[in-house]
Structure formats: structure tokens, C-alpha cells
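Below is one structure; the comments refer to it alone.
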Amino acid sequence: MSGVIVTDPPKAELKDVDALAGYGVPTVSEVLGRTGLLGPGIRPVQQGVRVAGTAVTVLSWPGDNLMIHAAVEQCGEGDLLVVTTTSPCTDGLFGELFATSLQRRGVRGVVLNTGIRDTRELRAMGFAAWSRAVSSQGTVKATGGSVNVPIAIDGQVIHPGDAVLADDDGVVVVPRERVRETVEKAEARQAKEAATRAAFLDGQLGLDRYGLRETLQRLGVEYRTYAEYEGGQP
């Protein structure tokens with residue numbers, strides 16, 4: 001497997017990426033039209049952490065982390081490393097030593113469609129990580145791959161320079177040209193949700209706020225007393 005290392009891909013504006021971190025993954029996915037989510041198999045190794053960064057992408061051979069070493073050189077302030085392999089792999093491609101090098105370069109975290117190890121050490125050093133699996137299985141450094149090329153995880157294409165947002169609820173990718181727009185829509189949705197939260201605290205029901213009683217009626221859903229239901233009466 002040959003490959004390529006792209007050294008200067010365009011990136012989303014860091015100020016917009018920083019603003020994106022003010023919103024949760026569910027909110028951002030909703031304003032993107034319920035798109036951009038990586039699958040539920042990608043889980044955090046820590047809790048209570050949300051990060052956003054610009055993607056540095058890695059395509060590696062299964063069981064081989066050579067291209068992660070190559071990618072470290074391409075990483076800088078505000079980036080987030082995103083790694084996948086040419087076929088399914090749960091080996092521990094990434095651990096504490098990689099994180100030490102990346103943290104020194106200002107990288108905000110890593111998302112791996114593979115395995116990760118040294119999770120205790122990663123939590124202790126405050127390096128945010130999301131992965132497909134946790135595995136102590138080691139790797140080799142023997143096969144070429146690519147850095148900063150489009151990759152796909154769970155059917156979602158990630159381009160280098162896209163914004164990646166990750167928290168306890170998962171990971172979402174925002175195309176770099178849509179980050180500013182997404183931030184503005186997320187702000188509007190958050191304001192709408194705040195109004196709904198206040199209404200619920202005041203006792204209003206979702207059935208009434210969202211006009212769902214009419215939906216139930218249209219679908220033929222009926223209200224019956226217990227006696228009517230048990231007796232089978234109309």
C-alpha cells in the first residue's frame with residue numbers, strides 16, 4: 001500500500017471551531033439536518049469532556065501505526081487527529097506516548113476508528129480520546145498509508161480541515177465551509193430549547209407545546225379509561 005502525506009490542507013477558521021465547542025454533539029447534528037454523526041460505536045475514554053478541533057486525517061493499514069507517526073508532524077495548534085484503517089481493526093494503535101507528542105503540539109484530542117490503550121494515563125494527562133475499542137494489542141510500523149486525505153468512518157466522510165466536535169454523546173463532523181453557519185444555527189436552536197425548558201418547568205406538556213395532540217388524533221390514537229380498555233368497550 002503506497003500513500004501520500006498532504007502538508008497544507010485548508011482548514012476551518014479556528015475561532016469558529018472554538019465557538020462550535022459551546023454546543024453539544026446532538027445540537028450540532030440536528031442543525032446539520034441530522035447528519036455528520038459517526039456511529040455509536042465510537043465512544044469516549046473519559047467523561048465530561050467536550051472538544052472541537054480541525055481534522056488531521058490518517059488512513060493506516062490494520063495493526064500498523066506508522067502513519068500516525070507521520071501525522072504527528074502535520075499536527076498543530078487546534079487540530080484533532082482522526083484515524084481509520086483500510087479494513088476493520090481494533091488493535092491499540094494509539095497510546096500515551098503519542099498523546100504526549102500531540103499535546104506538546106497543541107492538539108486537542110483524537111478520534112480513532114480502531115483500538116486505543118493507556119486509557120488511564122490519557123485521562124490522567126487530560127488528553128481527550130474517542131475510539132472504537134480499548135485494546136492492549138500492539139502494532140507494527142511497516143506499511144505506507146496517507147495523511148490529510150478524505151477518509152470515511154461509519155459512512156461519514158471526513159476531509160482534512162473539517163471541524164470535529166466530540167463529547168459524551170459521540171462525535172460529529174462539520175464540513176469546514178459550513179462551520180460558521182452551523183454555529184449560528186446552533187445558537188438559535190439553543191435559545192429555542194431554553195424557552196422550551198422554561199415552559200416545561202412551568203408545567204407545560206410537550207403534547208401541547210409541539211401540537212402533538214392533533215398528531216395523535218390524526219394517527220387514530222384513542223384515549224380510554226382503564227375500565228374501557230379492560231372491558232374492550234369502544
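Computed from a predicted model, the values in this text were never measured in an experiment. Counting begins at 1 with the first residue of the sequence.
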Item checked: Exam field: side chain Asn148 to backbone Val6, donor-acceptor pair closer than 3.5 Å -> yes

Item checked: Validation row: Trp130, Ile116 side chains within 4.5 angstrom (heavy atoms) -> no

Next item on the list: Can you see which heavy atom on Gly144 is nearest to which on Leu66, and at what distance?
Entry: N-CD2, 4.4 Å

Notebook entry, point to check: Step by step, would you call Val171 with Val164 a side-chain contact (heavy atoms from CB on, under 4.5 Å)?
Noted result: CA-CA 7 Å; Val171 182; Val164 178; 3.7 Å; yes

Next item on the list: Measure the shortest side-chain to side-chain distance between Val49 and Pro44 over non-hydrogen atoms and say whether it is less than 4.5 angstrom.
Entry: no

Item checked: Cluster link Leu59 to Ile158, ILVMFWY, side chain under 4.5 Å -> yes

Notebook entry, point to check: In Å, rounded to the nearest 0.5 Å, how long is the span from CD of Gln137 to CG of Asp91?
Noted result: 5.0 Å

Check: Considering only heavy atoms from C-beta outward, does the side chain of Gln74 approach that of Ile5 to under 4.5 Å?
Finding: yes

Checklist line | Nearest heavy atoms of Gly76 and Val107, plus distance in Å | finding: O-CG2, 3.9 Å

Notebook entry, point to check: Do Arg209 and Gln204 get their side chains close enough for a donor-acceptor pair, meaning under 3.5 Å?
Noted result: yes

Check: If you look only at pairs with a residue in residues 4-15, which of them pass as a side-chain hydrogen bond (donor to acceptor under 3.5 Å, both in side chains), with sequence neighbours excluded?
Finding: Lys11-Asp79

Item checked: Nearest atoms (heavy-atom pairs only) where Asp167 meets Pro26 -> OD2-CD, 4.4 Å

Check: Quick one: do Asp162 and Arg176 make a salt bridge, cutoff under 4.0 Å?
Finding: no

Item checked: Partner of Leu165 by side-chain contact (heavy atoms from CB on, under 4.5 Å), out of Leu80, Val17, Leu20 -> Leu20

Check: Which value, rounded to the nearest 0.5 Å, describes the distance between Thr100 atom OG1 and Phe127 atom CZ?
Finding: 9.0 Å

Note to self: As an exercise, state the distance from NE2 of His69 to CG of Leu97, rounded to the nearest 0.5 Å.
What the structure shows: 8.5 Å

Check: Would Leu102 and Leu81 satisfy side-chain contact (heavy atoms from CB on, under 4.5 Å), going step by step from the backbone distance to the final call?
Finding: CA-CA 9 Å; Leu102 289 173; Leu81 190 66; 3.9 Å; yes

Note to self: Set out, in order, the CA-CA distance, both residues' side-chain angles and the distance that settles side-chain contact (heavy atoms from CB on, under 4.5 Å) for Asn65 and Phe94, then state yes or no.
What the structure shows: CA-CA 8 Å; Asn65 66 6; Phe94 186 97; over 6 Å; no

Notebook entry, point to check: Counting distance only, does the side-chain N/O of Arg105 pair as donor-acceptor with the main-chain N or O of Cys75 below 3.5 Å?
Noted result: yes

Margin query: Regarding Thr143 and Asp64, do their side chains bring together a donor and an acceptor under 3.5 Å, going by distance alone?
Written below: yes

Note to self: Show the nearest heavy-atom pair for residues Pro150 and Val157, with the distance to one decimal.
What the structure shows: CB-CG1, 4.3 Å

Next item on the list: Give the cluster check for Val147 versus Leu93: same hydrophobic cluster or not, with ILVMFWY residues linked at side-chain heavy-atom distances below 4.5 Å.
Entry: yes

Note to self: Please check: side-chain N/O of Ser60 versus main-chain N/O of Thr85, any donor-acceptor pairing under 3.5 Å?
What the structure shows: no

Notebook entry, point to check: Linking I/L/V/M/F/W/Y whenever any side-chain heavy atoms sit under 4.5 Å apart, do Leu112 and Met125 land together?
Noted result: yes

Note to self: Quick check: do Val82 and Ile151 have side-chain heavy atoms less than 4.5 Å from each other?
What the structure shows: yes

Margin query: Between Leu122 and Gln46, is the side-chain contact (heavy atoms from CB on, under 4.5 Å) condition met? List the steps.
Written below: CA-CA 9 Å; Leu122 294 176; Gln46 68 286 307; over 6 Å; no

Next item on the list: Say whether, by atom type as modelled, one donor and one acceptor occur between the side chain of Arg123 and the main chain of Val45 under 3.5 angstrom.
Entry: yes

Check: Between atom CG of Asn113 and atom CD1 of Ile153, what is the distance when rounded to the nearest 0.5 Å?
Finding: 4.5 Å

Check: Is there a side-chain contact between Tyr23 and Val31 (heavy atoms, below 4.5 Å)?
Finding: no

Notebook entry, point to check: Do Leu32 and Val174 have side chains that get closer than 4.5 Å, going by heavy atoms?
Noted result: yes

Margin query: Check whether Arg43 reaches the backbone of Asp168 with its side chain - one donor and one acceptor, N or O, closer than 3.5 Å.
Written below: yes

Checklist line | Nearest-0.5 Å distance, CZ of residue Arg213 to CG of residue Asp208 | finding: 4.0 Å

Margin query: I'd like to check Val25 versus Leu37 (side-chain heavy atoms, cut-off strictly below 4.5 Å). Are they in contact?
Written below: yes

Margin query: So which atom in Val183 and which in Ala19 form the shortest heavy-atom distance, rounded to 0.1 Å?
Written below: CG1-CB, 3.9 Å

Checklist line | Main-chain N/O of Glu96 paired with Asp118 side-chain donor or acceptor, under 3.5 Å | finding: yes

Item checked: Heavy-atom pair of closest approach, residues Pro62 and Ser87 -> CG-OG, 3.1 Å

Check: Residues in salt bridge (Lys or Arg N to Asp or Glu O under 4.0 Å) with Asp154, at least two apart?
Finding: Arg132

Notebook entry, point to check: Are the side chain of Ser146 and the backbone N or O of Val4 linked by a donor-acceptor pair below 3.5 Å?
Noted result: yes

Note to self: Closer than 3.5 angstrom, by distance alone: can the side chain of Thr182 be matched with the main-chain N or O of Arg178 as a donor-acceptor pair?
What the structure shows: yes

Note to self: A quick test of your reading: do over 12 heavy atoms of other residues, nucleotides or ligands sit less than 6.0 Å from CD of Glu187?
What the structure shows: no

Notebook entry, point to check: So if you build clusters from Ile, Leu, Val, Met, Phe, Trp, Tyr with side-chain heavy-atom gaps below 4.5 Å, do Val110 and Val173 land together?
Noted result: no

Next item on the list: Determine yes or no for a side-chain-to-main-chain donor-acceptor pair under 3.5 angstrom, with Thr225 supplying the side chain and Glu228 the backbone.
Entry: yes

Checklist line | Gap between atom CZ of Arg189 and atom OG1 of Thr27 - 0.5 Å precision | finding: 6.0 Å

Next item on the list: State, yes or no, whether a side-chain contact exists between Leu216 and Tyr223 at a heavy-atom distance under 4.5 Å.
Entry: yes

Check: Can a salt bridge be assigned to the pair Lys185 and Glu181 using a cut-off of 4.0 Å between side-chain N and carboxylate O?
Finding: yes

Margin query: Tell me whether Val56 shares a hydrophobic cluster with Met67, the cluster being built from Ile, Leu, Val, Met, Phe, Trp, Tyr side chains joined at under 4.5 Å.
Written below: yes

Note to self: For the backbone of Lys192 and the side chain of Thr196, can you confirm whether one donor and one acceptor N or O come within less than 3.5 Å of each other?
What the structure shows: yes

